[in-house]
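Encoded as C-alpha cells, the structure appears first; notes follow it.
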Amino acid sequence: MEKRVRVRFAPSPTGGLHLGGVRTVLYNYLYARAHGGDFVLRIEDTDQTRFVKGAEEYILDCLKWCGLMPDESPVVGGPYAPYRQSERKEMYREYAMQLVGQGHAYFAFDTPEELEEMRRVLKTDEHSSVQYDHNTRKRMRNSLTLSADEVNDLLNNGTPHVIRIMVPENETIVFNDMIRGSIMFESNLVDDKVLLKADGMPTYHLAVVVDDYLMKITHAFRGEEWLPSAPVHLLLWQYLGWIADMPQWAHLPLILKPDGNGKLSKRDGDRLGFPVFAMNWYDPAKDETTMGFREMGFLPEAFVNMLAMLGWNSGEEKEIYSLDELIGKFSIERVHKGGAKFDFEKAKWFNNQYIQLTDNEKLADMVMPYITAQGQNPSKELLVKVVALVKDRCTLLPDFWAQGSFFFVTPETVDETLIRDAKWSENKELFFAAWTDKLNELADWTDVAIEQSAIDLLPSFSLKKGDIMLPLRIMLVGGKFGPGVYHIAELIGKAETIKRIKNIIKG
RNA sequence: GGCGUGUUGGUCAAUCGGUUAAGACGCCUCCCUUUCACGGAGGAAUGACGGGUUCGACUCCCGUACAUGCUACCA
C-alpha cells in the first residue's frame, strides 16, 4: 500500500515571507491536495540569535491570506506535535548521541577561535575555504583525536562542545531529485557538519532529518540552495536506519532578480519599487516596514497564480488558473530546473486579469477601504457601479481611487487650459450655459437622456458632438481619462454635474 | 579556489530527434473609442559557444564560456 502523502513547509521565523517562500508553500500545498495528503507547517526556530518575535504569527497570516493553510501547525496542532523545533529540543540530542555511539558522529571541542585559526592557517590559493572534514578533523580537538578519558573529563567539566557527523571517505553519494534526476557527490568533498550546537539545539541538518522522519514526511520540496547539503542529509537517513522512509526530494529553482543576476532579495524590491514579501513586514529591530504584495493592492488569487507560473508551466496556453485548477494540473516533474527572473510587470498583469474576473459586488468590498481611507463614504450601491465602470483600467486595488475619485468628490484641480484651448469659443461657453438650464429640467437622469439633451441643443449653436465631448469630460473629471462622460454624469447626479460645469464657465 | 546546479526572444516559457521554434508579459504600428483604458489586427525579437552522435539536433553526448547556489555552532 502506498504511504499517505505528507509534505511540509519549514521556515525559520526570522523575517518577512519572501516570494520564493510562498511559492515553496504553494508547490507543497498543491502536491498535498492533489494526492489527498497532509500539508504540515513546521517552524524551524533553532537559531536563537536570529529569532524574531512575531515572525511566526506573520507567516501564518501570510498563508491565510494566500489561502494556503496547513493541516498541521504549531497553532492547530496535529498528531506529531510539537511543530516548533525549539520545543522538540530534547529529541535531537538523543539521536545525535545514537550517532556518536554508532561511530557516525563525534564530539568536537574546538572553540570558534580555534576553528578560525585552522581555516586561516590551512587556507591556500587553491583552497580558499577550508572545511572541517576527513582531513582536518585529525588535527582538531575532538573525540577522534582525544583519548576517551580526556573526552570524558571535558564532558564532565561541562566544556562547550558540538556533535559533528563523521562523513565517510571515498564513497559516492547518489540520490534522486524529482526535478533534476540523479545527483552525485563524492563524500571526500563533504564536510563534517555540526549536528548539535553547543547550546544543545540541533542544526538544520539534524533537525530536518529527525523531524521529517518523525512526522512521516514523504516528499520534501525546498529551495535549490539546499542541494549542496543534501548528501549530509542522505547520510543521516542512512545512519539513523531510516533510509527506507526517506522522503523523495525536489529542489526548487530560485527566483532571481529582474535585472542583473542573483537571487531576488528584499533590497531589490526596495531598489526597483516592488514588493518581495507577501504582506507588509514590520521589523522591530530596525523599526521599519517593508511593503508587501497584499498592501500594494494584489488579490491573493492573482498573487498565487502568478507565483505558480514562475518556474512551472502546465504545457497549455492557459495562464489563469484558480487554486483548484492548479491542484488538478500541477506536477512536480514539470517544475523547471533553471531559476526564473521575477517580472513585476507580468505580476501586475495577473492582478489586472483577476480584477476583471472578480464580480463587482466582491470587488466593491475590497475597494471600499481604499475609498474610506480618502475620507469618502459612498454607498455600496454607488461603489459597485463605479467599480463596474473603471475596473478594466485598474491593475492594483489603489488604482480604483486614482481612476474613480471624481465620482465621489469634485476634482480639486481642473486644467482649464485643456478646455480653453485653440478650439474653445464664446459660442461653446454659451452652449454650456444654456445646456445646464436644460439639464436642470431633465426628468429622466440617465446617460442616454443626458446625451440626447446635448444632441438636441447642439445645432442651435452650430456645434457638433465632438466639439463638446472633451471640454465636458475635463469639467467633470478634471483630466483626459475615465469612462464615458455621460455615464459619469449619470452617476455623479444632476446637481453635481451642473455644478461642475458652472464652476468652469461662470468666469 | 572547490563542489553542485543551470543556460530557447528583454522577461515568463512550449517543444520531450524531423515544426515556418507555440503562447504570454513588455515594446512598436494600425483599427475601435471625439478622453484614458479594454478589445481587435499586425510587427520587431530566441535555441551561449565549439566539437561530436545521427539521414536529420534546440532536443542526446563531450568540452568551453557564462550564470547561479553552497563552501557557518544560519536556515
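Each chain gets a letter, A, B and so on, in the order its sequence line appears, and its residues count up from 1.
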Determine whether the aromatic ring centres of A/Y204 and A/W226 lie less than 6.0 Å apart.
->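 Close enough - the centres of the two rings lie under 6.0 Å apart.
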Near RNA chain B, which residues from residues 160-175 of chain A have a heavy atom under 4.0 Å away?
-> A/V162, A/R164
What parts of residues 394-415 of chain A reach RNA chain B, counting only heavy atoms under 4.0 Å away?
-> none
Between atom [atom1] in [X] and atom [atom2] in [N], what is the gap in whole Å?
X      : N     : atom1 : atom2 : value
A/F51  : B/A75 : CZ    : C1'   : 14 Å
A/K193 : B/A72 : NZ    : P     : 7 Å
A/I43  : B/A75 : CD1   : P     : 14 Å
A/I355 : B/A37 : CD1   : C1'   : 13 Å
A/D45  : B/C73 : CG    : P     : 20 Å

Side-chain touch A/I474/A/E416, heavy atoms, less than 4.5 angstrom =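 The answer is no, as the side chains (C-beta and beyond) never meet within the 4.5 Å cut-off.
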Six-ring centre of A/Y106, A/R164 cation under 6.0 angstrom, axis tolerance 45° = no
Cationic tip of A/K318 above A/Y321 ring, under 6.0 Å, 45° of axis | yes
Please confirm whether any donor atom in the side chain of A/K346 sits under 3.5 Å from an acceptor in the base of B/A24, or the reverse.
->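 Looking at the base of B/A24, it does pair with a donor or acceptor on the side chain of A/K346 (distance under 3.5 Å).
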Within the pair [X] and [N], is there a side-chain N or O less than 4.0 Å away from OP1 or OP2?
X      : N     : answer
A/R473 : B/U33 : no
A/K263 : B/C70 : yes
A/T46  : B/A75 : yes
A/K197 : B/C74 : yes
A/R334 : B/A13 : no
A/H336 : B/A14 : yes

Below 4.0 angstrom, N of the basic side chain to O of the carboxylate: do A/D415 and A/K480 qualify?
-> no
Taking any strand in view, what nucleotide pairs with B/U19 in a Watson-Crick or G-U wobble way, both distances under 3.5 Å?
-> none
Considering Watson-Crick and G-U wobble pairs with both distances under 3.5 Å, what does B/G50 pair with?
->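 Pairing partner: B/C62.
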